[in-house]
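Inspection log for the structure reproduced underneath, given as structure tokens.
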2 protein chains.
Amino acid sequence: MSLAHAILAALLECSHSGYDLAKRFNGSVGFFWHASHQQIYRELSRLESAGHLSCELIEQDSRPNKKVYSITASGRSALGQWIGRPASPPPIKDELLIKVFAGHLISKTRLIEEIRRHYRQHRVNLEAYQAAVLSYGDDIGQLSRIQKCEYAALRAGVHYETSRLHWCEDAIQLLLADSG
Amino acid sequence: MSLAHAILAALLECSHSGYDLAKRFNGSVGFFWHASHQQIYRELSRLESAGHLSCELIEQDSRPNKKVYSITASGRSALGQWIGRPASPPPIKDELLIKVFAGHLISKTRLIEEIRRHYRQHRVNLEAYQAAVLSYGDDIGQLSRIQKCEYAALRAGVHYETSRLHWCEDAIQLLLADSG
DNA sequence: TAACCCATGTAACCTGTTACATGATTAA
DNA sequence: TTAATCATGTAACAGGTTACATGGGTTA
């Protein structure tokens, strides 16, 4: 159900086509939820038949036509109700940790190199979150309630990526100290 | 594919039944990967037909019989190869963050109460990770390579839960400061 | 006597991934 | 002229969830 609600949340600010959403799912809402374009198109049809979205066909020359979806009153209220229901924190599901856990099956060098790869990736992610956070300006106190909510959610990304970076450093140090 | 490898990793130390594994997926490997018993039974059959596991039927009085699975040489080598292949960090997928992102649709009080609920949950999780970490003793330098790998993986849980707790505090403060 | 533990599974369903398909326009 | 961008989708499959089913033994 979460994808449906992530889409509704993404359409709160303004209307989008499926193609736009697929791209936005690499930024904004995409910082918290990921989906492929196939999933998004499937879900958009469902949400439209459920009456949570309305759809307008935009005919274009020199470009394929597109369907622009907007959230309806019913969609807003469904989203509000869902937000009000308690969620449980997602369990950790992380390939790398299984690999480290059973990491003695490969050489120390290769294991550490893999962790370093992740380190670099997390540094890139962190920069993206930080750039997004900075776009809200210096004076957080002045933000509207809507903006404060968005900002608070974004901060989670900064926290997460930072903790990952620290863990990578820790793990590398720990494994390097081994004689084997 | 990850579930299969998580199971293989869990069976490295010693053999288990499906029932045992389902429970262990709440501890040890379960700190990094989650699966229901239905998934586990399905995957165990597959791994056995692939030759990565062998199975022994243990007949019991006063208890249902059980099937105890052990990793085979082929299973070990498949696991080793998988560990050697690069993985990409999992994208964040977190209901709570969507809810906070669109949190202006419900009252400030309710949103903050929900974040507090998560705070309490993460504190419980953190204690579990810390207890597991402590079981490795004080002198980390003395651990075997196998233990160091397990320990390093566990530390990720401590990092993660701690960063979550900090974020919850941040987010609550930020939202409380709002007049709305 | 009710609820939980042990222990295994099936079936239906929903979610997510991979591969395939089309076809014009635009930038390198 | 090659590749990328825009824009939508279908089909097959793999992964994950929920509900159901069984049945003896143990604990409250």
Side-chain angles (χ1 to χ4, degrees), chain A residues 1-8 15-27 29-30 32-50 53 55-69 82 85 87-95 98, chain B residues 1-8 15-27 29-30 32-50 53 55-69 82 85 87-95 98:
Chain A
M1 293 269 83
S2 289
L3 174 56
H5 297 104
I7 289 176
L8 290 174
S15 306
H16 288 287
S17 69
Y19 188 85
D20 290 338
L21 280 169
K23 274 195 306 177
R24 289 200 83 212
F25 268 64
N26 295 324
V29 194
F32 325 124
W33 204 267
H34 164 263
S36 62
H37 81 271
Q38 294 89 338
Q39 259 184 294
I40 290 169
Y41 284 121
R42 177 163 63 186
E43 204 58 49
L44 283 172
S45 320
R46 284 182 198 160
L47 284 167
E48 197 197 350
S49 11
L53 295 181
C55 173
E56 191 192 359
L57 181 70
I58 309 284
E59 306 204 17
Q60 301 183 117
D61 327 324
S62 87
R63 244 142 229 269
N65 297 339
K66 61 176 171 178
K67 298 180 181 176
V68 172
Y69 291 90
W82 176 77
R85 286 197 291 273
S88 39
I92 298 182
K93 272 198 148 186
D94 195 330
E95 268 192 38
I98 304 175
Chain B
M1 295 268 82
S2 290
L3 174 56
H5 298 102
I7 289 176
L8 291 174
S15 305
H16 289 287
S17 68
Y19 189 84
D20 291 339
L21 280 170
K23 274 196 305 176
R24 291 199 81 215
F25 267 66
N26 296 324
V29 194
F32 326 124
W33 203 265
H34 165 264
S36 62
H37 81 271
Q38 294 91 338
Q39 258 184 295
I40 290 169
Y41 285 121
R42 178 163 61 186
E43 203 59 46
L44 283 171
S45 319
R46 284 182 199 160
L47 285 167
E48 198 197 351
S49 12
L53 295 180
C55 172
E56 191 191 359
L57 180 71
I58 310 282
E59 306 205 15
Q60 300 184 117
D61 328 325
S62 87
R63 243 143 227 269
N65 297 340
K66 61 175 171 179
K67 297 180 180 175
V68 171
Y69 291 90
W82 177 77
R85 285 197 292 272
S88 40
I92 298 183
K93 271 198 149 185
D94 194 330
E95 267 193 36
I98 303 174

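Chain letters run A, B, ... following the sequence lines, proteins first, then strands; residues in each count from 1.
Extent of DNA chain C lying under 4.0 Å from chain A heavy atoms, first and last nucleotide in 5' to 3' order, is C:dT15 to C:dT25.
Across B:Val29 and B:Ala6, no two heavy atoms sit closer than the pair CG1-O, 3.7 Å. In plain terms, the two heavy atoms of A:Ser2 and A:Trp82 that are nearest each other are OG-CZ2, 3.9 Å.
Of the possible donor and acceptor atoms, one in the side chain of B:Asn65 sits under 3.5 Å from a partner among the backbone N and O of B:Gln60. Although no hydrogens or angles enter the test, the distance criterion places a donor-acceptor pair under 3.5 Å between the side chain of B:His5 and the main chain of B:Met1.
Interface residues of residues 35-45 of chain B facing DNA chain C, ordered by number: B:His37, B:Gln38, B:Tyr41; criterion, heavy-atom separation under 4.0 Å. Near-neighbour residues of DNA chain D inside residues 57-69 of chain B, defined by a heavy atom below 4.0 Å, number-ordered: B:Ser62, B:Pro64.
Expressed to the nearest 0.5 Å, how far CD1 of A:Ile40 lies from CG of A:Leu47 amounts to 11.5 Å. Rounding to the nearest 0.5 Å places OG of B:Ser45 at 6.5 Å from NZ of B:Lys67.
Taking atom OH of residue B:Tyr19 and atom C1' of nucleotide D:dG25, one finds them 12 Å apart after rounding to whole Å. D:dC6 atom P lies 14 Å from atom CG of A:Leu21, rounded to whole Å.
Across all strands shown, A:Ser17 has heavy atoms under 4.0 Å from sugar-phosphate atoms exclusively, and none from any base.
The end-to-end axis angle of the helix from C:dT1-D:dA28 to C:dA28-D:dT1, rounded to 10 degrees and based on five pairs per end, is 50°.
The stretch residues 37-50 of chain B participates, sequence neighbours left out, in these salt bridge (Lys or Arg N to Asp or Glu O under 4.0 Å) pairs: B:Glu43-B:Arg46. The salt bridge (Lys or Arg N to Asp or Glu O under 4.0 Å) contacts involving residues 55-65 of chain B comprise nothing, where partners must be two or more places apart or lie in separate chains.
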